[in-house]
Amino acid sequence: MFGAGNQGRSGGRRARLRRAAALALVGAVLTGAAACGGDGATDGDKGGNDARTDGKAPASAPAVDADASAGSGESGTPGTSGGSGALSQRDLTALAFTDGEKIGKYTAGEFSLGEPQGEDYTADPATCQPLVSLAKGTIAFDPASEVHRNVDVAEEMVGTTVAVQLRSYNGGGAAGVMKVLGAAGKACAGGFVENRAVAKGQYLKVEPVKAPDHGDEAQAYRFTILDVKGTLKLYEYLTVVRSGATTLSFRADILDTKDIGKVPEEVITAQWKKFEAASTR
């Protein structure tokens with residue numbers, strides 16, 4: 001969703017005020033917009049979907065087990081195994097960006113207003129749900145543990161923001177997530193509707209773009225989304241990497257009609273290197 005990552009950091013009052021000011025500057029047209037996207041897909045070597053993934057429509061979502069921590073952007077049981085193959089909440093947190101960590105010009109922080117793209121974000125048709133949200137209770141695969149980080153440039157009022165979300169799953173859950181994501185990318189190429197509590201967003205296009213060469217498989221998409229007045233096209237990018245029982249999701253947008261072109265490579269690379277280094281010890 002347009003502006004999905006802009007939910008502030010814990011203790012980051014200045015960041016929240018900065019984003020509020022930005023919203024005022026871009027005006028009601030942009031603040032009412034549903035998401036980002038753009039015309040003209042960027043062709044990539046992987047075409048968005050790793051060749052090892054065969055998508056199928058997601059099953060009905062199970063009942064949600066709401067144990068997410070709004071203050072820390074984390075959920076799960078601290079110090080437990082998280083189930084077969086899943087990382088514990090403590091271990092997954094250790095693999096994520098820390099609050100205040102620098103990634104080039106970007107700074108990571110914790111979300112202060114809860115998980116971005118949470119369970120209240122749904123898609124019509126439901127097959128497109130994985131493109132909107134992978135939150136607990138939204139698709140057939142619930143994470144055993146998850147960590148959410150906001151990454152942006154603190155000095156920029158209107159700039160690129162990336163929601164970085166790590167989720168670890170029991171059994172084959174992570175592979176299942178990639179399968180339904182791939183199915184959604186194909187089935188929803190011509191667009192769909194994103195439903196939220198107070199608005200709807202019309203996705204005009206879902207286009208595969210080049211995915212990073214990380215993990216066991218990876219997918220990346222470019223979204224073209226129409227603003228609520230039906231006049232502006234907005235742009236958003238989603239990249240998801242799977243490594244074993246864990247997925248690393250990166251959703252990038254900007255408070256503008258500008259097409260940022262992709263999820264910032266330095267953010268993906270830095271998070272992947274941190275994850276890979278710590279998880280292989």
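- Taking a cutoff of 4.0 Å between a charged side-chain nitrogen and a carboxylate oxygen, E194 and K200 do not qualify as a salt bridge.
- Within the 4.5 Å cutoff, the side chain of E110 has heavy atoms near those of the R149 side chain.
- Side chains of Y121 and T138 form no contact here, defined as non-hydrogen atoms less than 4.5 Å apart.
- Checked by atom type and distance alone, the side chain of N150 never pairs as donor or acceptor with a backbone atom of F111 at under 3.5 Å.
- Taking 4.5 Å as the limit, every side-chain heavy atom of E146 sits out of range of all side-chain heavy atoms of S168.
- The shortest heavy-atom contact between N195 and A123 is ND2-C, 4.4 Å.
- The minimum heavy-atom distance between G159 and E156, with the atom names listed, is CA-OE1, 3.3 Å.
- By the 4.5 Å heavy-atom criterion applied to side chains, V153 and T160 are not counted as neighbours.
- Counting only heavy atoms from C-beta outward, the side chains of L181 and Y221 approach each other to under 4.5 Å.
- Nearest heavy atoms, V193 versus Q202: CG2-OE1, 3.4 Å.
- The distance from the CD atom of E236 to the CG atom of D253 is 5.0 Å, given to the nearest 0.5 Å.
- Taken to the nearest 0.5 Å, the NZ atom of K233 stands 6.5 Å off from the NZ atom of K205.
- Here K262 contributes atom NZ and R222 contributes atom CZ; the two are 13.0 Å apart, rounded to the nearest 0.5 Å.
- In this structure, I139 and V177 have side chains that are in contact, with non-hydrogen atoms separated by less than 4.5 Å.
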Problem - side chain to side chain contact (heavy atoms under 4.5 Å, CB included) between L238 and S249, worked out - result: CA-CA 7 Å; L238 173 67; S249 172; 3.6 Å; yes
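- One finds a salt bridge joining E101 and K274 here, because a Lys/Arg side-chain nitrogen approaches an Asp/Glu carboxylate oxygen to under 4.0 Å.
- Side chains of V206 and L131 form a contact here, defined as non-hydrogen atoms less than 4.5 Å apart.
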Problem - side chain to side chain contact (heavy atoms under 4.5 Å, CB included) between H148 and V164, intermediate numbers included - result: CA-CA 6 Å; H148 312 285; V164 180; over 6 Å; no
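- The CD atom of E265 sits 10.0 Å away from atom OG1 of T239, with the distance rounded to the nearest 0.5 Å.
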Exercise for the section: Go through Y203 and C188 one step at a time and tell me if the side chain to side chain contact (heavy atoms under 4.5 Å, CB included) criterion holds. Expected result: CA-CA 9 Å; Y203 283 58; C188 306; over 6 Å; no
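- Between Y169 and T246, every side-chain heavy-atom pair lies at or beyond the 4.5 Å cut-off.
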Practice task
Run the numbers on F192 and D124 for side chain to side chain contact (heavy atoms under 4.5 Å, CB included), then give the verdict.
Solution key: CA-CA 6 Å; F192 63 94; D124 183 15; over 6 Å; no
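- From R90, atom CZ reaches atom OG of S145 across 12.0 Å, with rounding to the nearest 0.5 Å.
- A salt bridge links D216 with R242; the closest basic N to acidic carboxylate O contact falls under 4.0 Å.
- Atom OG1 of residue T107 and atom CG of residue D99 lie 10.0 Å apart, to the nearest 0.5 angstrom.
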